[in-house]
2 protein chains.
Amino acid sequence: MRTAVAERILDIAERLAQTRGFNGFSYADIAEELSVTKASLHYHFPSKSELGRALLVRYQLVFGRALEAIDAEAGTAVEKLQRYIALYDSVMRDDRMCLCGMFAAEYATLPEPMQEELRHFFDANEQWLTRVIGEGKRTGELSLWDSSEERARLFLGALEGAMLVARSYKDDRRFRRAAEHLLADLQTASRSPTLRRKARATRSRHRT
Amino acid sequence: MRTAVAERILDIAERLAQTRGFNGFSYADIAEELSVTKASLHYHFPSKSELGRALLVRYQLVFGRALEAIDAEAGTAVEKLQRYIALYDSVMRDDRMCLCGMFAAEYATLPEPMQEELRHFFDANEQWLTRVIGEGKRTGELSLWDSSEERARLFLGALEGAMLVARSYKDDRRFRRAAEHLLADLQTASRSPTLRRKARATRSRHRT
DNA sequence: GTCTATAGGTGGATAGAC
DNA sequence: GTCTATCCACCTATAGAC
């Protein structure tokens, strides 16, 4: 179990990381906001690398619990995806970027342990989305011409990208619209014969 | 007209910015690669802020010319979008992130002149995409249930996000697949009555 | 234009008193 | 656990010789 001070440090560091990036804040920033010295912070998190890893581990834990709550409470696949989008939306409304989207941009500069945790986050999200989209496919709520996994990857990437761009305009409606349209596409992605031909063509291209 | 040395500095800075971010490289990095001293760099670009702005201005110029070339050479809207995607794909194959996607992540830490140039880049891209998608709509190549502008924003954001995530896996096929599926959605986004109802609902929600 | 030298600041991190 | 004091590496930027 982590101390209350450590949690406060993580809270502040998380917000700074989500707004300015991992390379965009320092121990001095946290220290000032918490009204302690930099040295005190090093007692709780000896290195910034360890602080960053702790941020990612906690973020995944919270995110994972949120996904479990969605599974427990939401009925249909569409409802689940709507609540998944709402998770991202609440981050945007707080003028933040998804922590992992932010770290993905800085990937090349991150210590290896953080890179590993980051991939783990994306893997877990893709797996959850793949499952939910697969459920929706089976129940007939969603109609895709491609695989649930491909669709999950597109979905995740598109949400991250929509956040990224919307932040430059400080316009969270931009994000919400993109998210809604993305979900609408899933619910309707064409059943036309033309489309099915394309799907076959795309799939065969990927096999090569 | 800019000197050859200034161009080389921009080339190196651009690659560093696209891989490590604007806050992820220093004058020392460029100096070492160019085998000159840091002081020499300041002769060409007095401050890092000005260097960053020069990067964005040149990037937009090159990108803008590429879009003009697409307009001149490509026939159909689908061909244009394919070539637009190819622009991003060539960046990915070089293990880079779109410069502007990268800067978008660091937005909060950028000097104001760079923030302005960044929004300008996204605006120009959205306008071009809006026009091309609108063309495809009129010719019947594309079938969307929402506006060309909304679709353009989703398209741009989704490409940026797909790049962002794919880079964490050093897997450019990930990006290509997402891009292909995104385009396929555009070519087919459902004509079903169910969809049209949804479109009306979405539009009315946005009016409020 | 490029160099040496350096200023002035901030980064992460540690030692040791309390 | 938190502090003061300090280290050293690195950052952007400038002065002035060549």
*Aromatic centroids of A/Phe103 and A/Tyr107 separated by under 6.0 Å*: no
Grab the [atom1]-[atom2] distance between [X] and [N] for me, whole Å please.
X: B/Lys48; N: D/dT12; atom1: NZ; atom2: P; answer: 5 Å
X: A/Phe45; N: C/dA13; atom1: CZ; atom2: P; answer: 13 Å
X: B/Arg8; N: C/dT2; atom1: CZ; atom2: P; answer: 11 Å
X: B/Arg20; N: D/dC11; atom1: CZ; atom2: P; answer: 10 Å
X: B/Asn23; N: D/dT12; atom1: CG; atom2: C1'; answer: 13 Å
X: B/Phe22; N: D/dC11; atom1: CZ; atom2: C1'; answer: 13 Å
X: B/His42; N: C/dT6; atom1: NE2; atom2: C1'; answer: 13 Å
X: B/Glu32; N: D/dC11; atom1: CD; atom2: C1'; answer: 15 Å

Do the non-hydrogen side-chain atoms of [X] and [Y] ever get within less than 4.5 Å of each other?
X: B/Thr19; Y: B/Met97; answer: no
X: B/Pro111; Y: B/Met114; answer: yes
X: B/Val132; Y: B/Ile70; answer: no
X: A/Leu81; Y: A/Leu182; answer: no

Below 4.0 angstrom from OP1 or OP2 of [N], is there any side-chain N or O of [X]?
X: B/Ser26; N: D/dC10; answer: no
X: B/Ser40; N: C/dC3; answer: yes
X: A/Tyr43; N: D/dT2; answer: no

Using a cut-off of 4.0 Å on non-hydrogen atoms, how would the nucleic acid contact of [X] be classed: base, sugar-phosphate, or nothing?
X: B/Tyr27; result: sugar-phosphate
X: A/Phe25; result: sugar-phosphate
X: B/Thr37; result: base

*Taking the side chain of B/Ala39 as heavy atoms from C-beta outward, which of D/dT14, D/dT4, C/dG1 is closest to it?*
D/dT14
*In terms of the nearest nucleotide of DNA chain D, which residue is placed more toward the 5' end: A/His44 or A/Lys38?*
A/His44
